[in-house]
Amino acid sequence: MLTTKQKVLRKFWYAIMPVAHLQDGPKPFRLMGEDIVLFLKEDGTPAALKDRCCHRTAKLSKGFVERGNIVCGYHGWTYNGEGACVRIPQNPDGNIPRGACVPAYRCEEKYGYAWVALEEPLQPIPHFPEEGDPAYRRIHQFYQKWNTSPFRMMENSFDNSHFSFVHKANFGMMDKPLPSKYEFRPNDWGFEAETHVPIRNPEQSHRITGTTEPVTERHLINRWFMPFSRRFGCVYPASGRHHIIYNCATPIDDDTMMLAQWLYRNDSEEDCSTQELIAWDRPITDEDREILEATDADACMDTRRRQEFHMESDKPGLLMRKMLLELLQREGEDEVFRVSTQIPVRQS
């Protein structure tokens, strides 16, 4: 599936960038192949416009913000948060041509991020119940470009069978490759998946897990929010520590995505510092990134095309593929993909 070619994917919210990144001026972003610019309006809320001035097509992201409006750096044409041209410095009488504007996109701030939907969204921004709960602290962990597709990242997030190999350097157990099974609770726009996973607990992770057991358990209540957001709901029963990660895999184009990751913990900075938590999750995230960048970004949704073979532990990814394919069909779309790279089947 090529994300830029599937029109229905334009009808969802995506986490674009931390709002704090906009404090010093406008920033560009490419969302599903569309160049947009984000900036802060006068009230401090984010706005998103097409990154092209309607005068001579210069990128507005090369300009600056003045009293909550974005000013083109080429000739100073000025636009408000709705994309309407409100000032042309060369026209002292204030005359503005009828229809002088640039396309504006839906933009909201939530969880410290600016979220954008290119078209009328089918669903609201995913609800993260830990946000605002005094029992939790929020830690922004990672914001980085990956050379893979958002579906590959989502599928990997629910894949218990890769722990023993991809993460063997920290918590994976190579001598126990049989993955734990999930109990699935599907809904209209995703699913919840619950399981219990044993992990190695080396000394360097004791403050993360809150226990000194050499092998401890993760009780996972994970959630997938269609199309490309997920909750890693990890609780360590031995200590009662919650290590809850939210990921948003925002499609840049057909081959790249932006990872937004933040963490909720129910302990204190003294129990385990922000820096310790980021340092612990950093190599795990890097390991996932390295292996996913070695896959074909064009993941096949329709398994009847037999582009890949599957095993029982692939059920979360197969359920995602089924639900996304059904979404395309409801919207009157076919899966768009590149030239077939079908794996040959050996004849016996």
Query - His55-Tyr74 side chain donor-acceptor pair, cut-off 3.5 Å - result: no
Query raised in the report: Among the clusters formed by ILVMFWY side chains lying less than 4.5 Å apart, do Ile284 and Leu263 turn up in the same one?
Result: yes
Query raised in the report: Looking at Cys272 and Leu277, what are the two nearest heavy atoms and their distance?
Result: SG-CD2, 3.7 Å
Query - Within 6.0 angstrom of Arg56 CZ, more than 12 heavy atoms from elsewhere - result: no
Report task. Using the ring of Phe225 (Phe, Tyr or Trp, six-membered ring only), decide whether Arg231 places NZ or CZ under 6.0 Å from its centre and within 45 degrees of its axis. Result -> no
Requested in this report: Give a yes or no on whether the backbone of Ala299 and the side-chain of Gln307 come within a donor-acceptor separation of less than 3.5 Å.
Outcome: no
Query raised in the report: So if you build clusters from Ile, Leu, Val, Met, Phe, Trp, Tyr with side-chain heavy-atom gaps below 4.5 Å, do Phe39 and Val102 land together?
Result: yes
Requested in this report: Keeping the roles fixed (side chain from Gln144, backbone from Leu259), state whether a donor-acceptor pair exists under 3.5 Å.
Outcome: no
Query raised in the report: Does a sphere of radius 6.0 Å around NZ in Lys7 hold more than 12 heavy atoms from other residues, nucleotides or ligands, not counting ones at 6.0 Å or beyond?
Result: no
Query raised in the report: Looking only at heavy atoms, which two atoms of Glu326 and Lys322 are closest? And how far apart?
Result: OE2-NZ, 2.8 Å
Requested in this report: Indicate yes or no: at least one non-hydrogen side-chain atom of Thr250 is less than 4.5 angstrom from one of Phe228.
Outcome: no
Requested in this report: Could you tell me whether Arg304 and Asp302 have a side-chain N and a carboxylate O separated by less than 4.0 Å?
Outcome: yes
Query - Side-chain H-bond candidate by donor/acceptor type, Asp254 with Thr4, under 3.5 Å - result: yes
Query raised in the report: Side chains of Ser205 and Asn201: donor-acceptor distance under 3.5 Å anywhere?
Result: yes
Requested in this report: Any ring-ring contact (aromatic ring centres under 6.0 Å, His included) involving residues 13-33? Give me the pairs, sequence neighbours left out, ordered by first then second residue.
Outcome: His21-Tyr143
Requested in this report: May I ask whether Val336 and Leu324 are part of the same hydrophobic cluster, defined by side-chain heavy atoms of I, L, V, M, F, W, Y residues being less than 4.5 angstrom apart, directly or through others?
Outcome: no
Requested in this report: Kindly indicate, with the supporting measurements, whether the criterion side chain to side chain contact (heavy atoms under 4.5 Å, CB included) is fulfilled by Met1 and Leu9.
Outcome: CA-CA 11 Å; Met1 181 177 71; Leu9 296 181; 4.2 Å; yes
Query raised in the report: Are Ile245 and Phe142 connected in a single hydrophobic cluster, I mean Ile/Leu/Val/Met/Phe/Trp/Tyr linked by side-chain heavy atoms less than 4.5 Å apart?
Result: yes
Requested in this report: Might you point out which heavy atoms bring Gly210 and Ser239 nearest each other, and give the distance in Å?
Outcome: O-CB, 3.3 Å
Requested in this report: May I ask you to test the His242-Glu130 pair for a side-chain heavy-atom distance under 4.5 Å?
Outcome: no
Query raised in the report: Hey, does Tyr236 have a side-chain heavy atom less than 4.5 Å from the side chain of Ile199?
Result: yes
Requested in this report: State, yes or no, whether a side-chain contact exists between Arg241 and Thr209 at a heavy-atom distance under 4.5 Å.
Outcome: no
Requested in this report: Give me the ring orientation class for Phe158 and Tyr182: parallel if the planes are under 30° apart, tilted from 30 to 60°, perpendicular past 60°.
Outcome: tilted
Report task. Check whether any side-chain heavy atom of Cys54 sits under 4.5 Å from a side-chain heavy atom of Trp77, and report yes or no. Result -> yes
**Report entry** Pair Arg106 + Glu120: basic N to acidic O under 4.0 Å
**Finding:** yes
Query raised in the report: Shortest non-hydrogen contact from Thr3 to Asp253?
Result: OG1-O, 3.4 Å
Query raised in the report: Are Lys11 and Glu333 within salt-bridge range, i.e. N to O under 4.0 Å?
Result: no
Query raised in the report: Side chains of Asp271 and Ser268: do they bring a donor and an acceptor to under 3.5 Å?
Result: yes
**Report entry** CD/Glu331: more than 12 non-hydrogen atoms of other groups inside 6.0 Å
**Finding:** yes
Requested in this report: Would you name the heavy atoms of Pro150 and Met257 that are closest together and state the gap between them?
Outcome: CA-SD, 3.8 Å
**Report entry** Residue Asp334 excluded, over 12 heavy atoms near CG under 6.0 Å
**Finding:** no
Requested in this report: Side-chain contact test, heavy atoms from C-beta onward, threshold under 4.5 Å: evaluate it for Val37 versus Pro28 and give yes or no.
Outcome: no
Query raised in the report: What about Tyr113 and Tyr111, are their ring centers closer than 6.0 Å?
Result: no
Query raised in the report: So, Trp224 side chain and Pro227 main chain: donor-acceptor pair closer than 3.5 Å or not?
Result: yes
Requested in this report: State whether the side chain of Asp288 and the backbone N or O of Ser157 hold a donor-acceptor pair below 3.5 Å, judged by distance alone.
Outcome: no
Report task. Over all heavy atoms of both residues, which pair between Asn247 and Met154 is shortest? Give the atoms and the distance, please. Result -> O-CE, 4.2 Å
Report task. Verify whether one side chain among Thr78 and Asn69 offers a donor that lies under 3.5 Å from an acceptor in the other. Result -> no
Query raised in the report: Does atom CD of Gln90 have more than 12 heavy-atom neighbours from other groups under 6.0 Å away?
Result: yes
Report task. Check each of Glu131, Glu269, Glu270 against Arg137 using the salt bridge (charged side-chain N to carboxylate O under 4.0 Å, His left out) test, and report the only one that passes. Result -> Glu269
Query raised in the report: Between Gln141 and Arg282, is any pair of side-chain heavy atoms under 4.5 Å apart?
Result: no
Report task. Look at the side chain of Thr216 and the backbone N and O of Thr212, then say whether any donor-acceptor pair between them is shorter than 3.5 Å. Result -> no
Requested in this report: Look at the aromatic rings of Phe12 and Trp189 and report parallel, tilted or perpendicular, splitting at 30° and 60°.
Outcome: perpendicular
Query raised in the report: Would you call Glu192 and Arg223 a salt bridge, using N to O less than 4.0 angstrom?
Result: yes
Query raised in the report: With a 4.5 Å heavy-atom cut-off, do His243 and Arg265 have their side chains touching?
Result: yes
Query raised in the report: What distance do Asp267 atom CG and Tyr136 atom OH have between them, rounded to the nearest 0.5 Å?
Result: 11.0 Å
Query raised in the report: Quick one: do Ile221 and Val197 end up in the same hydrophobic cluster if we chain Ile, Leu, Val, Met, Phe, Trp and Tyr together by side-chain heavy atoms under 4.5 Å apart?
Result: no
Query raised in the report: Please walk me through it: do Trp262 and Tyr246 pass ring pair (Phe, Tyr, Trp, His ring centres under 6.0 Å)?
Result: CA-CA 6 Å; Trp262 52 100; Tyr246 286 94; 7.1 Å; no
Requested in this report: For atom NZ of Lys315, decide whether the heavy atoms of other residues, nucleotides or ligands shown that lie under 6.0 angstrom number more than 12.
Outcome: no
